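Encoded as structure tokens, the structure appears first; notes follow it.
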Amino acid sequence: MTAYEPVGAPRAGSDPAPDAGAGPVDPAPGSGRAGYDAVVLAGGAARRLGGADKPGLRVGGRALLDRVLAACAGARITVVVAEPRPTARPVTWAREDPPGGGPLAALAAGLRHTSAEHVVVVSADLPFLAGPAVERLLSALAAGDADGALLTDADGRDQPLVAAYRASALRRELAALARDRAEGAEGAPLTGLPLRRLTGALRLTRLPDAVASFDCDTWDDIATARARIREHGHVLDEWITAAKDELGIDLDVDTKVLLDLARDAAHGVARPAAPLTTFLVGYAAGRAQGGPEAVAEAARKAAALALRWAEESADAGPAAAEGTPDAAPDATPDTRPDA
């Protein structure tokens with residue numbers, strides 16, 4: 001996967017935007033209409049970043065846009081309102097007319113290509129947005145009769161671009177704003193209107209989440225995000241997620257099992273045995289064409305072998321250890337490689 005490339009034709013698998021005047025597109029065959037669609041606004045000017053290509057900026061080795069797309073992986077249709085670019089997941093592209101018309105014009109352009117009743121609306125600069133936060137928004141929306149559910153940030157401020165809405169409510173209010181504006185203005189009626197003109201007319205449920213709502217508007221924000229994912233409590237999950245995206249692997253495995261296996265191989269055999277053993281486990285699971293269960297079974301067999309190896313070394317006594325220069329004398333059974 002090449003997450004950050006010069007803007008050009010969409011990556012293979014990305015869908016071109018339907019005709020701007022077309023109505024909502026039909027769902028994919030067999031998908032049903034019970035799910036949700038997503039609209040990602042990614043065409044802002046990024047003035048506080050000096051006009052940098054904000055959706056393409058990398059945090060944890062992944063473009064900000066790709067991180068947001070991963071959080072919305074459960075969407076039936078994902079519309080990105082921006083100029084097409086390579087992305088890690090297939091999307092539908094749309095653009096407001098004229099480009100740069102602001103969030104309301106962009107939202108209207110993206111909404112035109114959706115068909116689900118519930119629509120997740122997010123910006124493309126949310127490094128910590130993840131699937132559970134999206135599901136939380138959708139659950140809150142489904143549980144009540146509000147027009148939308150949005151996150152609030154650490155200061156309690158509404159974040160309307162980290163939200164789930166009823167598409168019917170969005171269309172209703174956007175149409176009303178367009179009618180009101182068209183009476184006394186030339187050109188596109190939604191261009192330049194602030195987002196609060198829309199949200200002020202909606203009944204909203206608010207959910208506090210300082211992490212998922214964190215957005216990157218400045219270089220300091222980018223630096224903060226990059227530092228946070230390297231903290232001990234986050235770095236391993238971030239790395240595994242980035243590596244799976246880069247390798248095109250959509251497989252959830254028990255990382256504790258693999259870490260324990262690496263510990264046992266390093267302690268009972270030799271330190272280089274840890275990465276080589278975990279590689280062989282993955283290769284064996286791939287040859288078996290299995291999912292997480294195949295990985296777990298291969299890891300179980302390799303761990304049992306490592307323990308047998310360690311037992312033989314222990315039975316051989318100190319002389320065997322002295323003859324093993326690459327053994328790990330400072331490793332203990334309770335120490336994993338990431339500790």
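All figures in this text were calculated on a predicted structure; none of them were measured in a lab.
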Please tell me whether [X] and [Y] are part of a single hydrophobic cluster in this structure, the criterion being side-chain heavy atoms less than 4.5 Å apart.
| X | Y | answer |
| --- | --- | --- |
| Leu261 | Leu305 | no |
| Leu258 | Val235 | no |
| Val39 | Leu141 | no |
| Leu177 | Val121 | yes |
| Leu195 | Leu190 | yes |

Is any side-chain heavy atom of [X] closer than 4.5 Å to a side-chain heavy atom of [Y]?
| X | Y | result |
| --- | --- | --- |
| Asp215 | Leu126 | yes |
| Arg62 | Glu238 | yes |
| Glu96 | Val81 | yes |

*Do Asp221 and Thr224 get their side chains close enough for a donor-acceptor pair, meaning under 3.5 Å?*
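Side chains of Asp221 and Thr224: no pair found under 3.5 Å.
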*Using distance alone, with no hydrogens and no angle criterion, decide if Arg76 and Ser115 have a side-chain donor and acceptor under 3.5 Å apart.*
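Side chains of Arg76 and Ser115: pair found under 3.5 Å.
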Please find the pair of heavy atoms, one from [X] and one from [Y], that lie closest to each other, and give the distance.
| X | Y | value |
| --- | --- | --- |
| Ala140 | Leu207 | CB-CD1, 3.9 Å |
| Ala88 | Asp66 | N-OD1, 2.9 Å |
| Cys216 | Leu49 | O-CD1, 4.3 Å |

*salt_bridge(Lys54, Asp217) N-O dist < 4.0 Å*: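 Between Asp217 and Lys54 there is a salt bridge, with a charged N closer than 4.0 Å to a carboxylate O.
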*Residues Arg166 and Asp147 bridged, charged N to O under 4.0 Å*: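 Salt bridge: no.
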*Look at atom CZ of Arg228 and say whether more than 12 heavy atoms of other residues, nucleotides or ligands are closer to it than 6.0 Å.*
yes
*Arg196, CZ: over 12 other non-hydrogen atoms inside 6.0 angstrom*: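 Not buried by this count: 12 neighbours or fewer within 6.0 Å.
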*asked:* For Thr218 and Asp220: C-alpha separation, side-chain torsions, deciding distance, then whether side chain to side chain donor-acceptor pair (under 3.5 Å) applies.
replied: CA-CA 5 Å; Thr218 67; Asp220 284 344; 5.0 Å; no
Tell me if a side-chain donor or acceptor on [X] pairs with a main-chain N or O of [Y] at a distance below 3.5 Å.
| X | Y | value |
| --- | --- | --- |
| Thr114 | Leu111 | yes |
| Asp264 | Ala306 | no |
| Asp37 | Ile77 | yes |
| Asp209 | Ser213 | no |
| Tyr165 | Val119 | no |

Review item, side-chain donor-acceptor pairs of residues 274-288, under 3.5 Å, at least two apart:
from   : atom 1 : to     : atom 2 : distance (Å)
Thr277 : OG1    : Ala273 : O      : 2.4
Thr278 : OG1    : Ala274 : O      : 3.2
Thr278 : OG1    : Pro275 : O      : 2.9

